[in-house]
Undergrad: 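Following this message is one structure expressed as structure tokens.
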Amino acid sequence: MIKSDFNHQTGFLDSRFFGKVNLKEIIDYINSTKNNGTLPRILKILTDATSATFEIETNDLNKIVEANNQSVEQYDYIIDAIVLESPKEMALSILYNWLKIKNTFSKYSQPGKLPLPGYQAFSLNKVKLTKNFSFVR
């Protein structure tokens with residue numbers, strides 16, 4: 001399951017992934033941010049996935065990358081810090097980031113095409129978060 005709330009005090013979209021999380025839930029979550037015109041155009045997301053078990057395969061990662069590419073077109077920039085618990089989720093996250101970078105660079109290399117707006121995801125494994133956690137702009 002995925003829940004998210006915008007914290008006006010911190011300026012973060014606080015997202016929580018917990019229990020079993022499947023591809024459809026992830027795509028629905030991405031689409032909900034894509035279609036939300038009230039979120040800041042420079043979107044900072046803090047995702048706690050330490051209680052989640054991802055029921056996705058490596059083949060699903062390209063679908064997630066494509067959904068994120070469509071979502072990020074609605075923003076100037078998205079920064080997403082993802083806190084994970086298990087080595088499997090960390091490995092999936094690393095593969096996702098590699099695919100995202102690969103796809104972004106392939107878009108840069110096409111003549112006459114502008115690059116997508118920025119997106120950066122950070123994966124953290126078993127990091128204790130505090131109220132002072134912040135992003136560098």
Side-chain angles (χ1 to χ4, degrees):
M1 180 173 277
I2 301 173
K3 298 278 185 183
S4 64
D5 297 298
F6 186 75
N7 184 327
H8 293 278
Q9 194 172 27
T10 63
F12 287 75
L13 179 64
D14 291 326
S15 299
R16 294 165 310 285
F17 289 40
F18 52 95
K20 294 179 179 179
V21 178
N22 62 38
L23 178 64
K24 182 184 180 320
E25 290 174 301
I26 294 169
I27 299 296
D28 288 347
Y29 164 72
I30 293 168
N31 287 336
S32 73
T33 60
K34 175 178 80 173
N35 299 324
N36 188 332
T38 63
L39 294 172
R41 297 300 90 187
I42 297 176
L43 182 60
K44 296 176 277 185
I45 306 170
L46 181 56
T47 303
D48 180 353
T50 56
S51 299
T53 302
F54 288 91
E55 295 185 329
I56 61 172
E57 301 297 325
T58 53
N59 297 348
D60 296 330
L61 295 175
N62 278 320
K63 295 172 188 167
I64 297 170
V65 168
E66 183 56 36
N68 266 325
N69 286 345
Q70 292 171 8
S71 179
V72 80
E73 289 174 353
Q74 305 303 314
Y75 292 88
D76 296 328
Y77 208 84
I78 297 177
I79 303 166
D80 193 354
I82 306 166
V83 184
L84 302 163
E85 181 71 20
S86 81
K88 176 190 172 194
E89 277 76 29
M90 181 60 84
L92 287 170
S93 178
I94 291 168
L95 288 171
Y96 166 82
N97 277 319
W98 181 83
L99 287 170
K100 179 67 180 160
I101 291 167
K102 179 181 164 222
N103 288 348
T104 300
F105 282 123
S106 70
K107 290 185 187 309
Y108 278 107
S109 65
Q110 296 175 6
K113 277 202 143 191
L114 294 175
L116 289 173
Y119 177 86
Q120 182 63 53
F122 300 92
S123 302
L124 309 170
N125 193 15
K126 297 183 182 179
V127 174
K128 183 176 180 180
L129 299 178
T130 67
K131 284 187 173 183
N132 296 327
F133 185 85
S134 63
F135 288 96
V136 178
R137 293 185 197 186

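Numbers for residues simply follow the sequence, beginning at 1.
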Undergrad: Under the side-chain contact (heavy atoms from CB on, under 4.5 Å) rule, what do Ile79 and Leu43 come out as? Steps first, then yes or no, please.
TA: CA-CA 6 Å; Ile79 303 166; Leu43 182 60; over 6 Å; no
Undergrad: Would you find more than 12 non-hydrogen atoms of other residues, nucleotides or ligands less than 6.0 Å from Ile42 atom CD1?
TA: no
Undergrad: Nearest 0.5 Å, what's the OG1-CG distance between Thr47 and Leu13?
TA: 7.0 Å
Undergrad: When you measure from the side chain of Asn35 to the backbone of Ser32, do you find a donor-acceptor pair of N or O atoms at a distance under 3.5 Å?
TA: no
Undergrad: Report the distance from atom CG of Asp80 to atom CD1 of Ile30, rounding to the nearest 0.5 Å.
TA: 9.0 Å
Undergrad: Decide side-chain contact (heavy atoms from CB on, under 4.5 Å) for Ile2 and Val21; before the verdict, give the C-alpha distance in whole Å, the side-chain angles of both, and the deciding distance to 0.1 Å.
TA: CA-CA 7 Å; Ile2 301 173; Val21 178; 3.9 Å; yes
Undergrad: Between atom OG of Ser15 and atom CD1 of Ile82, what is the distance when rounded to the nearest 0.5 Å?
TA: 9.5 Å
Undergrad: Between Lys20 and Glu25, what is the shortest heavy-atom contact and its length?
TA: O-OE1, 3.3 Å
Undergrad: Any idea how Phe17 and Tyr29 line up, ring-wise: parallel (<30°), tilted (30 to 60°), or perpendicular (>60°)?
TA: perpendicular
Undergrad: Side-chain contact test, heavy atoms from C-beta onward, threshold under 4.5 Å: evaluate it for Phe54 versus Leu84 and give yes or no.
TA: yes
Undergrad: Apply the test side chain to side chain donor-acceptor pair (under 3.5 Å) to residues Asn31 and Ser71: give CA-CA distance (whole Å), side-chain angles for both, the deciding distance (0.1 Å), then the verdict.
TA: CA-CA 7 Å; Asn31 287 336; Ser71 179; over 6 Å; no
Undergrad: Using 0.5 Å steps for rounding, measure from the NZ atom of Lys63 to the CG atom of Asn68.
TA: 15.0 Å
Undergrad: Could you go through Arg41 and Leu39, starting from their C-alpha distance and side-chain angles, then the distance that decides it, and tell me whether this counts as side-chain contact (heavy atoms from CB on, under 4.5 Å)?
TA: CA-CA 6 Å; Arg41 297 300 90 187; Leu39 294 172; 4.0 Å; yes
Undergrad: Compute the centroid of each ring, for Phe6 and then for Phe12, and state whether the two points are separated by less than 6.0 Å.
TA: no
Undergrad: Go through Glu66 and Asn69 one step at a time and tell me if the side-chain contact (heavy atoms from CB on, under 4.5 Å) criterion holds.
TA: CA-CA 5 Å; Glu66 183 56 36; Asn69 286 345; 4.1 Å; yes
Undergrad: Atom CD1 in Ile64, atom CD1 in Ile27: separation rounded to 0.5 Å?
TA: 5.5 Å
Undergrad: Could you pull out the closest heavy-atom pair between Ile56 and Asn22, with the gap in Å?
TA: CG2-C, 4.0 Å
Undergrad: Any side-chain donor paired with an acceptor under 3.5 Å for Asp14 and Ser4?
TA: no
Undergrad: Can you tell whether the side chains of Asp5 and Arg16 come within less than 4.0 Å, N to carboxylate O?
TA: yes
Undergrad: To the nearest 0.5 angstrom, please state how far the NZ atom of Lys44 sits from the OG1 atom of Thr10.
TA: 7.5 Å
